[in-house]
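Encoded as structure tokens, the structure appears first; notes follow it.
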Amino acid sequence: MGLDAGYRYGGREVNLLAIGILSWGKCGLSTCTNRYLVAMAMADLLSIITDVILWRIIFNNFPGTFLDITPVCSIIAVLLCAATDCSVWFTVVFSIDRFVAICCQKLKTKYCTGKTATVILTTTCILLCLENVPFYFAYEPAEIIGNIPWGCNVKPTWFTEPGWVGFSWFGTVLTPLLPFIVILFCNALTVRHILVASRVRKGLRGQSKGENRSDPEMQSRKKSAILLFTISGSFILLWLLNVIEFIYYTVTGTDIGHYSDSEHIFRQVGWMLRNVSCCTNTFIYVATQSKFRQQLKSAVKYPVISIVQLLNKQIN
């Protein structure tokens with residue numbers, strides 16, 4: 001199965017757990033933040049299902065199933081790419097939402113609402129699904145048996161035809177190069193705003209070096225910023241090797257098919273870390289959100305408590 005698939009098998013369970021806990025709505029998060037986090041977990045879960053369960057495991061270990069029919073595996077390829085893009089861009093729109101919540105107080109009341117979050121997430125999902133539709137036409141059958149096309153081989157024109165080459169470049173810029181830029185820009189502005197606001201508020205409150213007065217507003221901003229920086233920072237670190245590898249083969253013009261062993265290993269490690277990014281957010285919630293930890297403990301204890309209560313009833 002491999003280390004990558006092993007990580008993502010675990011990612012399936014933790015994402016299901018995160019979706020359940022966040023959907024319960026008792027983690028002390030705002031409605032819009034909760035919806036962004038649920039959407040990110042759902043996109044990660046879909047990525048795990050399409051990439052690991054359907055693409056890697058079934059295709060590699062159970063050849064000859066209906067999933068190997070060319071139109072079916074082409075649809076799976078579209079879903080896989082769309083799920084990956086949604087996972088990335090939901091992180092981007094969440095970063096923008098937190099930037100507005102922390103830095104743009106006048107816009108916050110109109111933008112940071114559950115309704116706006118739903119509209120943004122729905123629109124983003126639809127656009128990304130449409131953007132990935134051309135992948136359906138990028139494959140051709142490996143063989144035809146009984147007038148049924150089997151297998152999904154990338155068409156040779158993918159590497160030479162200007163339209164396909166341009167589409168490939170556009171897809172790479174869209175995910176993850178542009179998200180890298182947007183997230184880094186939003187985080188830099190957010191850090192700058194927090195530092196400036198902290199100094200101003202300390203001055204207005206007359207806080208001297210020897211005093212230690214609590215500021216509920218700044219504490220709230222800091223908690224929101226910690227969640228933002230942890231999620232976006234994890235995304236950047238886990239996608240970094242993938243981006244470096246893309247820049248490397250673009251600048252050097254190296255053919256991926258003729259990579260050396262070390263280059264191939266670097267590429268595979270980059271893909272593995274990129275895939276691991278789909279199961280890290282739940283651990284981030286546990287590390288940064290105390291109420292999420294409480295709900296997680298309750299979810300873990302609930303089956304045990306229910307079984308004990310059922311046994312007590314049977315005994316009595």
key: Short side-chain to backbone donor-acceptor contact, Ser277 and Arg274, under 3.5 Å   = yes
Inspect cysteines Cys152 and Cys73 and report if their side-chain SG atoms are under 2.5 angstrom from one another.
yes
Do the side chains of Ser95 and Val182 get nearer than 4.5 Å, heavy atoms only?
no
To the nearest 0.5 Å, atom CZ of Phe185 lies from atom CZ of Phe99 at 7.0 Å
Exercise for review: Using a 4.5 Å cut-off on heavy atoms from C-beta on, say whether the side chain of Tyr139 contacts that of Asn153.
Suggested key: no
So CG of Leu177 and CZ of Phe170: to nearest 0.5 Å the spacing works out to 12.0 Å
Interatomic distance, CG@Asn242 vs CD1@Ile247, rounded to 0.5 Å, equals 10.0 Å
In short, Tyr136 meets Val78 closest at the heavy-atom pair N-CG2, 3.4 Å
For Trp271 and Phe266, indicate whether the former's side chain and the latter's backbone hold a donor-acceptor pair under 3.5 Å. no
Could you tell me whether the side chain of Met42 reaches within less than 4.5 Å of the side chain of Val38, counting heavy atoms only? yes
- Are Phe135 and Trp158 close enough that their ring centres sit under 6.0 Å apart? yes
Closest non-hydrogen contact found for Ile144 with Pro149 is CG1-CA, 4.2 Å
If we ignore hydrogens and angles and just use 3.5 Å, is the side chain of Thr50 paired with the main-chain N or O of Ser47 as donor and acceptor?
yes
Taken to the nearest 0.5 Å, the spacing of Ile194 CD1 from Ile102 CD1 works out to 4.5 Å
When every non-hydrogen atom of Ala39 is compared with those of Phe90, the smallest separation belongs to O-CD1, 3.4 Å
### Query
Heavy-atom distance under 4.5 Å between the side chains of Ile183 and Ile96, does that happen here?
no
Margin query: Check for me whether the distance between the ring centres of Phe180 and Phe235 falls short of 6.0 Å.
Written below: yes
Trp169/Phe246 under ring pair (Phe, Tyr, Trp, His ring centres under 6.0 Å): CA gap, chis, key distance, verdict: CA-CA 10 Å; Trp169 267 86; Phe246 167 77; 5.5 Å; yes
Any side-chain to backbone donor/acceptor pair from Thr109 onto Gln105? Under 3.5 Å, distance only. no
Pairwise side-chain contact, Trp89 with Leu174, heavy-atom cut-off 4.5 Å (strictly under): yes
Scanning both residues in full, the closest heavy-atom pair of Gly114 with Arg35 reads O-NH1, 2.7 Å
SG of Cys186 to CG of Asp97, rounded to nearest 0.5 Å, is 10.5 Å
Correct closest heavy-atom pair for Thr91 and Ser232 would be CG2-CA, 4.5 Å
Inset, instruction - Please answer whether the main-chain N or O of Thr70 pairs with a side-chain N or O of Ser74 as donor and acceptor at a distance below 3.5 Å. - result: yes
| Are any of the side-chain nitrogens in Arg267 or Glu245 under 4.0 Å away from the carboxylate oxygens of its partner? | yes
Between Ser260 and Glu263, do the side chains contain an N or O donor and an N or O acceptor separated by less than 3.5 Å?
yes
For this session: Please examine the side chains of Trp150 and Pro141, heavy atoms only from C-beta on, and report whether any two atoms are closer than 4.5 Å.
Result: no
Would Thr31 and Tyr36 satisfy side-chain contact (heavy atoms from CB on, under 4.5 Å), going step by step from the backbone distance to the final call? CA-CA 9 Å; Thr31 303; Tyr36 282 118; over 6 Å; no
For side-chain contact (heavy atoms from CB on, under 4.5 Å), just list the numbers for Ile21 and Cys27, CA-CA rounded to whole Å, side-chain angles, deciding distance to a tenth of an Å, and then say yes or no. CA-CA 8 Å; Ile21 293 175; Cys27 294; 3.7 Å; yes
Can you list the steps and then say if Lys110 with Thr116 is a side-chain contact (heavy atoms from CB on, under 4.5 Å)? CA-CA 8 Å; Lys110 295 182 179 180; Thr116 301; over 6 Å; no
The reported gap from CG in Leu37 to CD1 in Ile19 (rounded to nearest 0.5 angstrom) is 11.5 Å
* With side chains defined as the heavy atoms from C-beta onward, is the minimum distance between Cys104 and His193 less than 4.5 Å? -> no
So, Asn34 side chain and Leu22 main chain: donor-acceptor pair closer than 3.5 Å or not? yes
Is a side-chain donor-acceptor pair under 3.5 Å present for Arg98 with Thr33?
yes
* Asked: Would you say the side-chain atoms of Thr160 and Thr157 include a donor-acceptor pair closer than 3.5 Å?
  -> no
Checklist entry - With a 6.0 Å cut-off on ring centres, are Phe137 and Trp164 close enough? => result no
Residues Ala101 and Lys108: closest non-hydrogen pair is O-CD, 3.5 Å
